[in-house]
> 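My questions all concern the structure below.
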Amino acid sequence: MSIKNRLEELGISLPECPAPLAAYIPAVRSGNTITVSGQLPSVKGDFSQFCGAVPTQISAEKAAEAARICFMNNLAAALSLVESGETLMMIQMQGFVQSAPDFHEQPSVLNGASELAVQILGENGKHARTAVGVSALPKNAAVEISCTFRVIPEPASFTGRYSWIETI
């Protein structure tokens, strides 16, 4: 099943590929590897709902929601470089959580993104991950995530017709 079909099945809308905030591009493809620039929890350019340090200015639950948005922005950037007949396998996620000094649950915040990756990509969504707490992020975002994907052929699907029958 294609990623776009899976998103439809789950009732999830793919955002537009986010515009860069400075002198870089959203994603780069080198052969069969796509590296996505760090993505913030931006919804149509608005970061305001997901700002501040976890858990003093934003709850861990709200930050996990921000992580899901970051992942969707990564997915949109990666899919902008995928051609017909190709799909994605996630290799690595690097996540940064703006954290209060005594907050040590960065992995639980990033689980929001990791679980969504598996929900959308299935086995191809299982990945290696880094979860880091930081004192500040761009635009005061609570979370920033960067993903690396491998481009693989999309599995063939049965169309309901056997082409060899037509030759008889």
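Being a predicted model, the structure only gives us computed values, none of them experimental.
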> Just by distance, do the side chain of Arg129 and the backbone of Ala131 share a donor-acceptor pair under 3.5 Å?
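No; zero donor-acceptor contacts below 3.5 Å.
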
> So, Glu86 side chain and Glu83 main chain: donor-acceptor pair closer than 3.5 Å or not?
yes

> If we ignore angles and hydrogens, is there a donor and acceptor under 3.5 Å between the side chains of Arg68 and Asn111?
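Side-chain D/A pair, Arg68 to Asn111: absent.
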
> Considering the options Ile34, Leu14, Asn74, which one meets the side-chain contact (heavy atoms from CB on, under 4.5 Å) requirement together with Leu79?
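Of the listed residues Ile34, Leu14, Asn74, the side-chain contact (heavy atoms from CB on, under 4.5 Å) partner of Leu79 is Leu14.
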
> Once rounded to the nearest 0.5 Å, what's the spacing between atom CE of Met89 and atom OG1 of Thr33?
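So the gap between those two atoms works out to 9.0 Å.
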
> Under 4.5 Å between side-chain heavy atoms, counting indirect links through other Ile/Leu/Val/Met/Phe/Trp/Tyr residues: same cluster for Leu110 and Ile120 or not?
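Yes.
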
> For residues Val43 and Gln49, determine if any side-chain heavy atom of one lies less than 4.5 Å from a side-chain heavy atom of the other.
no

> Would you please name every residue forming a side chain to side chain contact (heavy atoms under 4.5 Å, CB included) with Glu9, sequence neighbours left out?
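So Glu9 forms a side chain to side chain contact (heavy atoms under 4.5 Å, CB included) with Met1, Arg6.
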
> Find out whether Ile91 and His127 are in side-chain contact, i.e. whether some heavy atom of one side chain is under 4.5 Å from a heavy atom of the other.
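They are not in contact (no side-chain heavy atoms under 4.5 Å apart), so the answer is no.
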
> Can you tell me if Gln106 uses its side chain to pair, donor with acceptor, with the backbone of Phe103 under 3.5 Å?
yes

> Indicate, with yes or no, if Phe96 and Tyr24 share a hydrophobic cluster defined by side-chain heavy-atom contacts under 4.5 Å among Ile, Leu, Val, Met, Phe, Trp and Tyr.
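As far as the 4.5 Å side-chain criterion goes, Phe96 and Tyr24 are not connected within one cluster.
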
> Group every Ile, Leu, Val, Met, Phe, Trp and Tyr by side-chain heavy-atom contacts under 4.5 Å, then state whether Leu21 and Val134 land in the same group.
no

> Can you see which heavy atom on Ala63 is nearest to which on Val54, and at what distance?
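Smallest heavy-atom distance, with atoms named: CB-CG2, 3.6 Å.
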
> Is it true that a side-chain atom of Arg29 and a backbone atom of Leu81 form a donor plus acceptor pair closer than 3.5 Å?
yes

> How many angstroms lie between atom CG of Leu75 and atom CD1 of Ile145, to the nearest 0.5 angstrom?
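Result: 12.0 Å between the selected atoms.
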
> Rounded to the nearest 0.5 Å, what separates atom CD1 in Ile58 from atom CD in Glu65?
8.0 Å

> Testing the basics here: between Gly52 and Gln57, what is the closest heavy-atom pair and its distance to 0.1 Å?
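That closest heavy-atom pairing would be CA-OE1, 3.2 Å.
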
> Looking at Ser2 and Asn5, would you say the former's side chain and the latter's main chain have a donor-acceptor pair under 3.5 Å?
yes

> Stepwise, does the side chain to side chain contact (heavy atoms under 4.5 Å, CB included) test hold for Leu88 with Val151?
CA-CA 5 Å; Leu88 296 171; Val151 178; 4.2 Å; yes

> Met72 versus Ile12: any side-chain heavy-atom pair under 4.5 Å?
yes

> Compare all side-chain heavy atoms of Pro20 with those of Pro26 and state whether any distance is below 4.5 angstrom.
yes

> Could you measure the distance from the SG atom of Cys51 to the NZ atom of Lys62? Nearest 0.5 Å is fine.
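Spacing of SG (Cys51) from NZ (Lys62) equals 10.5 Å.
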
> Output the distance between atom CG (Leu121) and atom CD1 (Ile3), rounded to the nearest 0.5 Å.
5.0 Å

> Can you see which heavy atom on Glu105 is nearest to which on Ser108, and at what distance?
O-OG, 2.7 Å

> Return the OG1 to CG distance between Thr56 and Asp102, rounded to the nearest 0.5 Å.
8.0 Å

> With side chain to side chain donor-acceptor pair (under 3.5 Å) as the rule and sequence neighbours excluded, what pairs involving residues 138-154 come up?
Gln98-Asn140

> Looking at Ala27 and Ala77, what are the two nearest heavy atoms and their distance?
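In terms of heavy atoms, the two residues are closest at CB-O, 3.9 Å.
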
> Examine Val109 and Leu137 and state if one hydrophobic cluster contains both, with Ile, Leu, Val, Met, Phe, Trp and Tyr joined whenever side-chain heavy atoms are less than 4.5 Å apart.
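The answer is no; the residues belong to distinct hydrophobic clusters.
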
> Side chain to side chain contact (heavy atoms under 4.5 Å, CB included) between Phe50 and Ile69: does it pass, once the steps are laid out?
CA-CA 10 Å; Phe50 305 102; Ile69 293 167; 3.4 Å; yes

> Donor-acceptor pair, distance only, cut-off 3.5 Å: does the side chain of Asn73 make one with the backbone of Leu40?
yes

> Where is the tightest heavy-atom contact between Cys70 and Pro41, given as atom of each residue plus distance?
SG-N, 3.4 Å

> Do Val82 and Phe149 touch side chain to side chain, with heavy atoms closer than 4.5 Å?
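Result no, sub-4.5 Å side-chain heavy-atom pair not found.
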
> Quick one: side chain to side chain donor-acceptor pair (under 3.5 Å) partners of Glu61, sequence neighbours excluded?
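Testing Glu61 for side chain to side chain donor-acceptor pair (under 3.5 Å), a comparison that skips the adjacent residues, returns none.
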
> Please confirm whether the backbone N or O of Ser37 pairs with a side-chain atom of Gln39, one donor and one acceptor, at under 3.5 Å?
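The answer is yes, because a donor-acceptor pair under 3.5 Å joins these two groups.
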
> Kindly say whether Val97 contributes a backbone atom to a donor-acceptor pair with the side chain of Ser99 at under 3.5 angstrom?
yes

